[in-house]
Amino acid sequence: MTEETAGFGKESDVPADAGEPSEADRAAASDQEAAPGAPSAGDAQQSEGDVSAQDVWEAEGGDQERGESAEGAPSELEAARKALHERTQDLQRLQAEFQNYRRRVERDREAVKEIAVANLLTELLPVLDDIGRARDHGELVGGFKSVAESLETVAAKMGLMQFGKEGEPFDPTVHEALMHSYSPDVTETTCVQILQPGYRIGERTIRPARVGVAEPQPGAAGGKGEAGAEAPAAEEENGGPDEG
């Protein structure tokens, strides 16, 4: 058979590989099947738009919060300064109270010390009186003299001072008059005899001096004044002094 079969001799206009998908199409299809929930390109663009709006909103909110914090910063600083000033005043007040307390304690301590020393020396006054009488009678000799002088030295170091001398004016605040007499040799009340010396510690008198006092003779100064006043009167009665 030499004749060609009709319909088989013409070439087809459709390419041979038209019905078969390309490798790129198969890869895209396989990726779509592997990730069925993946967003499409439109969805991705929409998501990007949503994120941008949220970022803008957050940025605006952050700016507002920063503005509010900036407005609240001066008030917080002022409150902190006020609190610091109050704490400083409290500290200064406590320091002043502590200084006053320390000075008061020191003053009380000194007062207690002076009272204790005064009480001790008051008990030693009779011994010092015996030493003074022994010295006046010439009995302060030998080892007894050394002991007596040492005792007097220690008492002086502790602040004990003796006062009361003959011839000084009588002072009722530091003298105790045990004897009284009149004397033409004095012009005011004077201590003429020291019966027992007085002692003091600083400005505090622990024992007054016991003394004998003498006052001016009554009428001595007045009599002289009256005599001097009577002489001119007599001259006036007699017509004055005789003329030479």
Side-chain angles (χ1 to χ4, degrees), residues 24-125 128 150-164 168-176 197-209:
D25 294 337
R26 287 195 296 269
S30 62
D31 293 339
Q32 186 174 4
E33 292 176 356
S40 62
D43 295 337
Q45 292 179 358
Q46 185 177 1
S47 300
E48 290 178 358
D50 295 341
V51 171
S52 299
Q54 184 177 2
D55 292 341
V56 172
W57 181 80
E58 291 179 354
E60 292 178 354
D63 294 339
Q64 185 177 3
E65 291 178 356
R66 284 193 294 270
E68 293 177 354
S69 61
E71 293 177 356
S75 60
E76 293 179 358
L77 180 60
E78 188 67 22
R81 289 178 178 174
K82 183 178 180 181
L84 177 61
H85 181 66
E86 292 177 355
R87 298 299 179 273
T88 303
Q89 288 183 339
D90 293 340
L91 180 60
Q92 292 175 351
R93 182 170 59 255
L94 290 175
Q95 186 176 5
E97 291 178 356
F98 176 73
Q99 293 293 339
N100 294 333
Y101 170 75
R102 186 172 64 179
R103 284 193 292 266
R104 185 168 60 253
V105 169
E106 292 294 335
R107 184 171 60 251
D108 294 344
R109 185 180 300 172
E110 291 296 329
V112 171
K113 180 181 178 181
E114 291 179 0
I115 293 174
V117 172
N119 292 336
L120 174 62
L121 295 178
T122 301
E123 298 297 329
L124 291 177
L125 292 184
L128 297 177
S150 299
L151 181 60
E152 290 175 342
T153 302
V154 172
K157 286 182 179 180
M158 297 180 69
L160 184 66
M161 294 181 294
Q162 180 179 334
F163 66 91
E168 64 184 7
F170 176 76
D171 185 357
T173 60
V174 295
H175 296 141
E176 181 180 354
Y199 291 95
R200 67 164 62 98
I201 299 176
E203 299 297 329
R204 179 182 179 184
T205 301
I206 61 175
R207 191 182 74 179

Using a 3.5 Å cut-off and no angle test, enumerate the donor-acceptor pairs between side-chain atoms of residues 91-107 and protein atoms at least two apart in sequence or in another chain.
from   : atom 1 : to     : atom 2 : distance (Å)
Arg93  : NH2    : Asp90  : OD1    : 2.5
Gln99  : OE1    : Arg102 : NH2    : 2.6
Asn100 : OD1    : Arg103 : NH2    : 2.5
Asn100 : ND2    : Ala96  : O      : 3.2

Validation row: Leu125, Tyr199 side chains within 4.5 angstrom (heavy atoms) | yes

With the side chain counted from C-beta on, respond yes when Arg204 and Ile115 share a heavy-atom pair under 4.5 Å apart, and no when they do not.
-> yes

Minimum heavy-atom distance Phe163-Arg207, with the two atoms named | CZ-O, 3.7 Å

Search all heavy atoms of Leu120 against all heavy atoms of Met158 and return the closest pair with its distance.
-> CD2-CE, 3.7 Å

Gln162 and Leu128: CA distance, side-chain angles, deciding distance, side chain to side chain contact (heavy atoms under 4.5 Å, CB included) verdict = CA-CA 10 Å; Gln162 180 179 334; Leu128 297 177; over 6 Å; no

side-chain contact (heavy atoms from CB on, under 4.5 Å) test vs Lys157 passes for just one of Val154, Thr153, Leu160, namely Thr153

Residues which pass ring-ring contact (aromatic ring centres under 6.0 Å, His included) with Phe170, listed by chain and number, not counting sequence neighbours = His175

Note: Ile201 and Ala118 closest approach over all heavy atoms is CD1-CA, 3.6 Å

Give the minimum heavy-atom separation between Gly164 and Ala209, together with the two atoms involved.
-> CA-CB, 4.3 Å

